[in-house]
Each structure stands twice: as structure tokens, then as C-alpha cells.
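Just so it is clear, the structure is predicted and the values come from calculations on it, not from any experiment. The chains referred to below are lettered A, B, ... by the order of the sequence lines, with proteins before strands, and numbering in each begins at 1.
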Number of protein chains: 2
Amino acid sequence: MTTSASSRDHCSRRGDLAAPCSVCGAKEFNICQPLDPARQASLYARAVRLHWARREPVFAAGQPARHVYNLTEGMVALSRSLADGRRQIFGFLLPGDFIGLEAGDAYGCDAETLSDAKACRFDRATFDAFLRDNPDVALGLVRAASSDLAQARQHELLLGRKTAVERVASFLLDLRNRAGERHLRTQPLSLPMTRSEIADYTGLTIETVSRIFGRLKSQGTIDLADATAVRVLDEARLKRLSEGAD
Amino acid sequence: MTTSASSRDHCSRRGDLAAPCSVCGAKEFNICQPLDPARQASLYARAVRLHWARREPVFAAGQPARHVYNLTEGMVALSRSLADGRRQIFGFLLPGDFIGLEAGDAYGCDAETLSDAKACRFDRATFDAFLRDNPDVALGLVRAASSDLAQARQHELLLGRKTAVERVASFLLDLRNRAGERHLRTQPLSLPMTRSEIADYTGLTIETVSRIFGRLKSQGTIDLADATAVRVLDEARLKRLSEGAD
DNA sequence: GGGGCGCTTTGATCGAAATCAACCGTGCAA
DNA sequence: TTGCACGGTTGATTTCGATCAAAGCGCCCC
């Protein structure tokens with residue numbers, strides 16, 4: 001199995017999710033609440049709600065890709081490591097995002113929770129059949145896949161050509177924008193990831209990330225109540241820094 | 001128009017292509033030769049064969065994405081630049097690859113030829129309609145898109161976490177494998193791209209790329225007849241170098 | 001032939017970020 | 001309460017690749 005030992009199906013906790021499952025429409029964690037019961041019956045009947053604690057694997061690179069997930073709460077990191085342990089994080093997934101959608105026979109990267117997280121899980125075969133019957137949903141997924149590629153290329157530009165300051169500023173702005181889009185904007189922005197995960201995303205070391213946070217703080221560009229609570233004080237400046245000005 | 005001034009429709013030169021167009025099946029540059037005339041009539045009737053000289057733009061980031069291309073001969077680079085000119089090349093396209101497939105309303109990157117190149121061009125609307133009628137082709141494209149994403153992530157790992165030697169070794173092996181897959185393997189491997197383009201792909205400078213080529217040559221790992229003709233002498237060693245051993 | 005241009009190579013030096021090394025604060029378990 | 005593990009910050013030093021500089025080599029055009 002790809003989900004960790006402590007993940008539970010149909011967990012007994014209840015409550016609103018950060019985002020309803022975009023496939024089966026579930027709005028609460030343990031209740032099936034599809035938008036269109038007739039069409040989606042075969043799919044949601046088999047959908048399973050899962051939740052994980054912080055720092056648990058959802059799946060690992062190379063495992064057979066038997067499931068597709070729709071994240072409804074929490075944050076998940078996609079990454080891949082070299083044999084000697086050097087790790088590159090590709091991105092941080094937010095509620096509403098799909099996990100494992102692009103996989104062929106096997107998952108191409110590791111997926112790990114960065115916080116408590118919840119997701120709807122679908123069997124790949126069931127999911128594919130559902131897409132065949134629902135071209136509108138399928139079209140939406142094609143768009144989502146294109147946007148993943150666009151994001152990956154943006155990230156390639158960051159890793160290949162930006163300085164350390166530009167990388168960290170870009171990371172902060174990007175996270176802020178994506179959180180804002182999904183109405184998850186909190187003030188201050190709370191970061192579930194550690195300095196080590198930010199370093200592995202930006203292609204830097206934890207020391208460099210820490211120093212740059214310090215510099216941004218002393219400049220007055222951001223405020224740090226603690227290491228995880230970032231308040232952007234000067235967005236325009238942060239934007240300039242992310243593009244190589246200053 | 002996105003194609004350059006010197007591109008010509010239905011060019012009068014003839015001859016076998018490196019790869020037949022994977023959509024309309026054209027095997028020669030100026031002759032429509034579809035695999036299944038009945039089904040594909042609406043598409044191939046409007047397909048246009050183009051060719052470009054070296055270093056010509058196919059399209060630029062931000063332009064309205066009106067066309068989809070299938071490269072049949074030559075090589076094209078996808079890239080994106082920062083305001084100050086720093087450029088990141090995302091990949092090198094070979095015959096058989098699609099160009100501009102993942103674009104939404106506008107192209108997300110610059111596409112430029114690295115050599116003389118030929119392609120079949122389709123109107124996006126026509127192409128989309130064709131895909132709706134040919135789900136098998138559409139499925140193939142979904143797989144192609146997934147593999148683009150996998151490749152982009154491999155490249156993120158290269159840019160974020162590999163050393164200069166590892167990057168150049170990975171670049172050479174990757175190009176070699178992809179050329180081999182498509183029966184374009186030449187011995188020695190001939191590189192249509194300059195040191196500057198290799199640098200922009202690997203996130204290095206031309207001087208560093210040149211020095212590493214020199215080092216690989218003096219080690220006996222590769223042989224360089226001239227700057228563009230690379231013969232891999234010790235593939236196993238190159239593989240080890242690309243992964244951090246040695 | 002010669003001169004200039006674009007690309008590559010090679011050498012010397014510099015600098016941004018990595019590495020090495022303490023040290024701090026917090027939370028947790030003995 | 002102590003001790004320790006973990007994450008974060010900060011300082012000293014090193015290093016890898018960038019930058020600066022110069023020269024070599026086709027290649028094309030005059």
C-alpha cells in the first residue's frame with residue numbers, strides 16, 4: 001500500500017474542508033456529498049476519504065500508480081531525491097489540487113504531507129472511466145495538467161537562473177498568490193514547511209534561506225513573528241526583489 | 001503571425017523527413033499523405049508544411065496560441081527569459097515532438113529553431129475538433145503531456161541539485177537516449193546547439209560548459225572532433241558522472 | 001589573401017552561496 | 001528538573017562556478 005500505516009479510511013472526525021473535493025464534491029470529511037448523484041455514483045461510491053498526520057508519505061516514486069487523490073485539506077510536497085540524498089522539491093500542493101494525476105504506470109515522484117492533510121482517493125481505473133463519461137471534467141484536468149507544466153517551467157527558470165534572494169522572494173509571492181486564489185489567505189501567511197523544505201524547493205541550503213529571511217526582515221520587506229509566520233509588509237519591493245531589481 | 005518572415009508554406013523542396021508527421025502522417029515535406037483519409041480529411045486538408053532556417057522564432061511567449069505544430073525535421077528549443085536577458089532553456093525538441101500543445105490562450109514560452117527545421121502546422125480549433133473525434137490520438141497526447149511534465153521535473157532536479165559536471169553529463173546522456181529512441185542516433189552525436197544554448201539549458205555559463213567538455217575529453221570519457229561532434233567513449237563512466245559518483 | 005565576425009577555448013581572479021561550526025530556544029520524555 | 005533532539009539563526013571559512021580577459025579558429029565576404 002502507498003498510504004502510511006496511520007492513515008484511516010472514513011475517519012470519524014467531521015468538519016468543513018478547506019476545499020470540497022473537486023471530483024466527488026464532498027464538503028465534509030466523512031460524508032459523501034456528490035454534486036450529481038446519478039452521474040457520479042460509480043465514482044463516489046468508491047471514493048475513500050483519507051487523512052494523514054504531518055510528514056507522512058502519500059506515495060513514493062516508483063510505486064505502481066493505483067490511485068489518484070484530490071487534496072481537500074492540508075499541504076503536500078512533491079519531490080525526488082538523488083541516490084546520495086540530495087532532494088529537489090517540485091512544488092507544494094494546496095487544497096483542491098490533484099495528486100498523482102500525471103503518473104503513468106508508476107508514480108514519478110515522492111509525495112509527502114507537510115501538515116495534517118485530508119484527501120479523497122479514487123481508484124485509477126474508476127477515475128479514468130469517470131473521465132471518459134465526463135469530458136467536461138476531463139477537459140478541466142487537461143487544463144490543470146498544462147498549468148502544472150507551466151508552473152514546472154517557471155520553477156526551472158527560478159532554479160537555473162535566479163539568485164538566492166530572487167528565489168526566496170519568488171517562493172513567498174507564489175505561495176501567497178496561490179493561497180489567495182483559493183481563499184486560504186491568512187494574515188500573516190503561515191508556512192507549514194520547514195527551512196529545509198524551503199531550501200529543497202529553492203535549490204539552496206537552510207542557512208542561506210535563513211539568512212535571506214533575516215535580511216528581508218531587517219529591510220522591513222517582511223515581518224517574522226516566528227519562523228513560520230510571515231507577514232508581507234512591502235509586496236511591491238518583494239516583487240522587485242523576485243525579478244532582479246534592487 | 002507567429003512564424004518568421006522567411007518561413008514558407010508548401011515549400012517546393014521534397015525528400016524524406018526525419019519523422020513523418022504523427023498527426024497527418026505526411027512522409028514527405030510537400031505532399032499530403034495521411035494514414036486514414038476519410039477520418040482525417042478535415043484536419044490534413046488544412047495542415048500546412050513549414051520550414052525555417054537556423055535560429056528563427058516559431059513563436060514567442062505571450063503571443064496568442066493559434067497553432068499547434070508537429071516537428072518533422074530539425075531541432076527546436078523552448079525557453080523563457082527574465083527581463084534582464086538571463087535565459088533558461090527548458091528543452092530541445094526532436095522530430096516527432098509537438099510544439100505549443102500545452103499552451104492555453106497564449107504561448108507560455110519562446111520556441112526557436114536550432115537548425116533548419118520542418119513542421120506540420122495545424123489550426124488549434126481544427127486540431128481540437130480532430131482530437132474530439134479521435135480519442136485514441138487524444139489519449140496519446142495526454143501521455144505525451146505527462147511525459148513532458150516528468151521531463152520538466154527531471155530537469156528541475158538537475159538545475160536545483162546537480163553539480164556542473166553532473167549537469168553536462170546528464171545533458172549528453174539524455175540527448176543521446178532521446179536521439180537513439182527516434183532512430184536519429186548518429187555516431188558521433190552531432191550537436192546543433194551552441195555552447196551558449198547548452199549553458200542556458202544546464203543553468204551554467206559557456207565557459208564552464210566548455211571547460212567541462214574539455215575535462216571529459218582529456219579523461220577519455222568523450223571525444224570531440226570539433227565543438228559540435230561528440231562521441232561518447234565511456235558511457236558507463238558518463239552515467240556515473242551524471243549521478244554524482246567519481 | 002586578408003580582415004572581421006561569431007563561436008570556442010583557456011587562464012586569472014572574484015564572489016555568492018556552500019560548508020563547517022557554534023549556539024539558541026522549544027518541546028518532550030526520562 | 002535535566003537532558004536531549006530538532007529546528008532555526010548566526011559567524012567564519014572555503015569552494016565551485018561566475019566573471020573578466022585574451023587569444024585561437026574557422027568561415028564568409030570583400
Rounded distance [0.5 Å steps], OG1 in B:Thr202 versus CZ in B:Arg167: 7.0 Å
Nucleotide D:dA18, atom P - distance to NZ of A:Lys162 in whole Å: 18 Å
Contact under 4.0 Å: B:Thr194 side-chain N or O vs C:dC7 OP1/OP2: no
Between C:dT19, C:dT8, D:dA18, which nucleotide has the shortest distance from any of its atoms to the side chain of B:Leu204? D:dA18
Less than 4.0 Å between a side-chain N and a carboxylate O, is that true for A:Arg49 and A:Glu73? no
Of the candidates C:dT8, C:dC20, D:dG8, the side chain of A:Ser210 sits closest to D:dG8
Which whole-number value in Å describes the distance from A:Asp226 CG to C:dC24 P? 20 Å
Hey, can you tell me if B:Phe171 and B:Phe92 have their rings parallel, tilted or perpendicular (30° and 60° cut-offs)? perpendicular
What is the distance, to the nearest angstrom, from the CD1 atom on A:Ile198 to the C1' atom on D:dG8? 11 Å
Distance check needed: D:dT9 P versus A:Leu216 CG, whole Å only. 12 Å
Hey, which of these two, A:Arg161 or A:Leu224, hits DNA chain D nearer its 5' end, going by closest nucleotide? A:Leu224
OP1, OP2 of C:dA17 versus side-chain N and O of A:Thr208: anything below 4.0 Å? no
Write down the distance between CD1 (B:Ile206) and P (D:dA18), rounded to a whole number of angstrom. 11 Å
What is the distance, rounded to the nearest whole Å, between atom CD of B:Glu197 and atom P of C:dG6? 15 Å
Whether B:Arg161 and A:Asp84 form a salt bridge (side-chain N of Lys/Arg under 4.0 Å from carboxylate O of Asp/Glu) is what I want to check. no
Do A:Glu243 and A:Lys239 sit within salt-bridge range, that is, some charged N less than 4.0 Å from a carboxylate O? yes
Is a donor-acceptor contact shorter than 3.5 angstrom present between the side chain of B:Glu207 and the base of D:dC20? yes
Length of the line joining A:Ile212:CD1 and D:dG11:P, which is rounded to integer Å: 15 Å
Got a donor-acceptor pair under 3.5 Å from the side chain of A:Arg211 to the base of C:dT19? yes
Starting at atom CZ of B:Arg54, determine the distance to atom C1' of C:dC7, rounded to an integer number of angstrom. 10 Å
